[in-house]
Amino acid sequence: VQLVESGGGLVQTGGSLRLSCAASGRSFNGYGMAWFRQPPGKEREFVAGLGWTSGRTWYADSVKNRFTISRDRADNTMSLQMNSLKSEDTAVYYCGADPSMVYTDYLSRRPSTYPYWGQGTQVTVSS
């Protein structure tokens, strides 16, 4: 499994960015796929996730109504549209894949549940 993030960068407060995660190496049917972020000096935290087959979505409270997660099954890509960005959104953003959702039908918000990760992409929001 290979996950490759792109789309990070520097943006001003209130601006927008779109992150992409290109997934390859196997079928992701039934997987949970999610975006996490790790602010400087802090632990990795859940941002948004979806069921790859169902398309059902979940969001952290801190990003609801600002971020939108989506996927394109034909291209095996997952995206995160981030609007109304705040300085506290500054972090390295990672995409992760969790095969256990095939059996649990539950999207985990714990990083330890995800065995597959991308290399991360930096998002910096300046005020």
Would you give the length of the straight line joining atom [atom1] of [X] to atom [atom2] of [Y], rounded to the nearest 0.5 angstrom?
X     : Y      : atom1 : atom2 : result
Gln2  : Tyr116 : CD    : OH    : 13.0 Å
Lys64 : Arg66  : NZ    : CZ    : 13.0 Å
Cys95 : Leu80  : SG    : CG    : 10.5 Å
Asn76 : Ser27  : CG    : OG    : 7.5 Å

[Y] side chain reached by [X] side chain, heavy atoms, under 4.5 Å:
X      : Y      : value
Arg37  : Leu19  : no
Trp35  : Met78  : yes
Phe36  : Gln38  : no
Val92  : Tyr94  : yes
Val4   : Gln119 : yes
Pro99  : Pro115 : yes
Gln81  : Ser16  : yes
Leu107 : Phe46  : yes

Within 6.0 Å of CD in Glu88, more than 12 heavy atoms from elsewhere: yes

In this structure, are over 12 heavy atoms from other groups packed under 6.0 Å from Asp105 atom CG? no

Take Thr113 and Asp98, measure what side chain to side chain donor-acceptor pair (under 3.5 Å) needs, and give me the verdict at the end. CA-CA 7 Å; Thr113 308; Asp98 174 19; 5.4 Å; no

Is there a path of hydrophobic side-chain contacts, each under 4.5 Å between heavy atoms, that joins Tyr103 and Tyr31? yes

Please answer: with hydrophobic residues joined when any side-chain heavy atoms are less than 4.5 Å apart, are Met33 and Trp58 in the same cluster? no

Set out, in order, the CA-CA distance, both residues' side-chain angles and the distance that settles side chain to side chain contact (heavy atoms under 4.5 Å, CB included) for Asp61 and Tyr59, then state yes or no. CA-CA 6 Å; Asp61 288 344; Tyr59 294 92; over 6 Å; no

Per-pair distances, 0.1 Å, donor-acceptor, side chain in residues 67-74, under 3.5 Å, sequence neighbours excluded:
from  : atom 1 : to    : atom 2 : distance (Å)
Arg71 : NE     : Trp52 : O      : 3.0
Arg71 : NH2    : Trp52 : O      : 3.2
Arg71 : NH2    : Thr53 : O      : 3.0
Asp72 : OD1    : Ala74 : N      : 2.9
Asp72 : OD1    : Asp75 : N      : 3.2
Arg73 : NH2    : Asn29 : OD1    : 3.0

Would you please classify the geometry between the Tyr114 ring and the Trp117 ring as parallel, tilted or perpendicular, with 30° and 60° separating the classes? tilted

Show me, pair by pair, the donor-acceptor contacts under 3.5 angstrom made by side chains of residues 6-15, not counting sequence neighbours?
from  : atom 1 : to     : atom 2 : distance (Å)
Thr13 : OG1    : Ser126 : O      : 3.0

Are Lys86 and Asp89 close enough for a salt bridge, meaning some N to O gap below 4.0 Å? no

Answer yes or no: is there a donor N or O on one side and an acceptor on the other, between the side chain of [X] and the main chain of [Y], under 3.5 Å?
X     : Y      : answer
Glu5  : Ser20  : no
Thr90 : Val125 : yes
Arg26 : Val1   : no

Heavy-atom nearest pair, Gln122 first then Ala91, reads NE2-O, 3.4 Å

